[in-house]
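Counting starts at 1 for both ligands and their atoms, in listed order.
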Amino acid sequence: MSDQTDETLANLLSEDRRFEPPAELAAHANLTADAYAAAEKDREGFWAEQAERLTWATKWDQVLDWSDAPFAKWFVGGTINAAYNCVDRHVEAGRGDKVAIHWVGEPADDKRSITYAELQDLVSQAANALTDLGVATGDRVAIYMPMIPEAVVAMLACARLGAPHTVVFGGFSADALASRLEDCQAKVVVTSDGGYRRGAPSALKPAVDEARTKTASNGHRVEKVLVVRRTGQDVAWDDSVDVWWHESVEKASTQHTHEAFDSEHPLYVMYTSGTTGKPKGILHTTGGYLTGSAYTHWAIFDLKPETDVYWCTADIGWVTGHSYIVYGPLANGATQVLYEGTPDSPERGRWWQIIEEYGVTLFYTAPTAIRSFMKQGREIPDARDLSSLRVLGSVGEPINPEAYVWYRHVIGGDETPVVDTWWQTETGSVMISPLPGVTAGKPGSAMTPIPGVGAEVVDDEGRPVPNGSGGYLVLTQPWPSMLRTIWGDDERFKDTYWSRFAKQGYYFAGDGAKKDADGDIWVLGRVDDVMNVSGHRLSTTEIESALVSHPKVAESAVVGATDADTGQAVCAFVILRDSAIAEGEADEEIVKELRAHVRKEIGPIATPREIMIVPELPKTRSGKIMRRLLRDVAEKRDLGDTSTLADPAAIEFLKSVSS
Ligand code: 6R9
């Protein structure tokens with residue numbers, strides 16, 4: 001990729017706005033510029049210092065054992081309990097009355113604030129109840145729940161028992177659940193009767209029943225299902241398996257003596273989709289993972305636990321919910337908002353109302369959400385007082401410069417730094433990000449690896465590319481929160497991440513990236529998102545950014561479709577802003593305008609062959625655009641029977657393009 005057509009990146013890289021950290025934030029920043037050099041000089045010493053922010057039962061003898069690379073051991077010989085670190089120790093330190101979780105249910109008057117002392121009781125009760133159900137250290141427990149406090153409690157109860165959890169996103173189908181239950185041989189499932197979605201109860205328990213039947217026919221028996229009553233809807237019940245939460249957990253003792261586990265004891269398995277085949281069970285262990293999530297949450301959000309109110313809008317079914325709702329913030333003793341619902345229910349300004357009501361200071365969300373708010377117009381957030389905010393975070397995909405600037409300007413009152421955080425399920429915690437009190441942010445760039453992390457952009461041979469060029473994003477040094485393996489498949493672990501640059505010993509992230517003239521990193525998206533048009537390499541992200549920089553466009557997705565003439569051709573799907581729709585201009589006119597706009601912004605080579613105006617884009621549950629489906633549409637492939645598609649939004653989308 002080193003010969004990437006540089007002029008095609010001009011749009012992104014000519015973005016020259018810089019945002020210095022606010023003086024007040026810089027003056028009191030948790031992490032300062034000297035941390036980079038300190039970590040560079042003594043990386044293991046730096047990570048050992050970060051591990052000191054946790055409470056260990058036994059201190060480690062060795063920071064890192066990399067002798068069996070790529071199988072890492074961090075804080076070797078140390079013992080620790082993750083749940084104790086996230087809950088009990090704050091109570092012991094006299095902070096039991098501090099709110100851990102301001103839970104906001106979807107029905108507007110459904111809320112509950114839980115202190116650390118209350119959380120300690122709840123987690124102890126759940127640990128006792130799970131023990132009664134036969135869960136022992138090392139057993140796997142699946143969690144399939146809506147965003148209710150019991151989900152966090154269940155995760156921490158598992159951690160307390162040393163029983164690795166696997167949280168399966170509540171929007172996944174019974175089949176997806178079944179394959180995960182089987183892969184990790186889960187003994188118990190924690191679920192609820194249902195959850196609320198846009199004002200209506202939506203069932204969860206039937207999917208668990210179905211998945212259980214399915215796994216049984218494949219020879220795996222789920223022994224018990226623990227069920228929270230959330231919506232009160234009718235559920236099928238099997239007395240030999242099903243147990244109500246309110247009849248077990250809520251009746252259990254609040255006294256529970258925790259045990260300390262080896263630093264490398266498995267904490268959880270999180271399934272993530274691979275490029276092909278079955279999902280990969282990413283394994284995270286205890287001491288290193290907790291060190292990484294706590295350190296990064298403290299450093300990147302500049303967390304001041306006494307005064308900040310933090311809110312991450314992710315679902316706990318994703319890694320972001322694990323590291324930045326559960327483990328990082330709670331290990332740091334933060335106060336945070338946990339929200340059950342969608343951004344636009346019961347009204348489009350619900351998120352901003354919550355920020356105003358709880359005085360949220362640190363906010364973490366995804367570019368896809370930001371772009372949908374841009375689409376609705378600024379009047380909605382403008383109606384609320386968002387002045388409490390002091391750091392805004394972005395995660396999940398590249399953030400277009402336009403979205404970054406809108407986020408900072410409209411949500412952040414033009415004062416708050418935006419931290420664009422690059423990381424993956426596999427990395428466990430953020431690897432590349434600005435530091436809010438140090439970095440002069442550039443819209444669209446994740447900037448540099450944070451202190452302690454080694455990242456590079458390399459060419460096909462694994463050589464660092466010069467500034468101004470593109471290549472593959474790699475991590476050059478082991479880090480504490482790195483995945484330890486793919487559950488049950490060490491070979492796939494080695495093949496997927498460590499074989500591409502085996503000679504150098506680099507971790508291959510699967511993302512393309514570019515270093516700008518200053519050496520700052522711009523993540524361009526998965527390497528499979530890179531198009532090749534007439535021999536020119538074009539990044540989908542870059543063309544999407546150009547489209548979104550047009551005032552009529554709210555969101556866009558670009559794919560490369562096979563083309564007889566050019567190899568691949570650029571096909572764009574575009575969602576218009578509400579204000580543009582209101583003007584009523586004909587689609588053909590807008591398409592013409594947009595083609596000219598891309599040509600001007602990037603160059604003729606990037607001009608889309610086709611632009612389709614659509615009402616929605618098909619997205620995965622974690623908000624990533626389903627590019628394979630878009631490619632099928634762009635290449636006019638017969639999509640066959642679409643009724644097996646799990647996602648109703650995808651089906652809606654397909655209807656809109658076929659009509
Ligand atoms: C945390 C999370 C990982 C993939 C990753 C990359 C994309 C995440 C990004 C970003 C550009 C960022 N990604 N953050 N791309 N800028 N700030 O999302 O984990 O679901 O495993 O996805 O997401 O492509 O490789 P996960």
Student: Using a strict threshold of under 4.0 Å (side-chain N to carboxylate O), is an ion pair present between R500 and D460?
Tutor: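 The answer is yes: the pair qualifies as a salt bridge.
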Student: Would you check ligand 1 and list the protein residues that come within less than 4.0 Å of it by any heavy atom, ordered by chain and number?
Tutor: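 Those residues closer than 4.0 Å to ligand 1 by some heavy atom are V319, T320, V395, G396, E397, P398, D420, T421, W422, W423, Q424, T425, D511, V523, R526, K624.
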Student: Given H284, which partner from the list Y268, Y327, W74, W487 fulfils the ring pair (Phe, Tyr, Trp, His ring centres under 6.0 Å) test?
Tutor: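 With H284 as partner, ring pair (Phe, Tyr, Trp, His ring centres under 6.0 Å) holds for just one option, Y268.
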Student: Under the criterion ring pair (Phe, Tyr, Trp, His ring centres under 6.0 Å), which of W479, Y295, Y36 is the partner of F46?
Tutor: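 By the ring pair (Phe, Tyr, Trp, His ring centres under 6.0 Å) criterion, F46 pairs with just one of W479, Y295, Y36: Y295.
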Student: For the pair K280 and E426, find out whether any cationic side-chain nitrogen is under 4.0 Å from an anionic carboxylate oxygen.
Tutor: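 Yes.
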Student: Any salt bridge linking K619 with E555? Criterion: basic side-chain nitrogen under 4.0 Å from a carboxylate oxygen.
Tutor: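 A salt bridge links K619 with E555.
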Student: Do the side chains of K515 and E456 get close enough for a salt bridge, i.e. N-O under 4.0 angstrom?
Tutor: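 Looking at E456 together with K515, the answer is yes, because their closest N to O distance falls below 4.0 Å.
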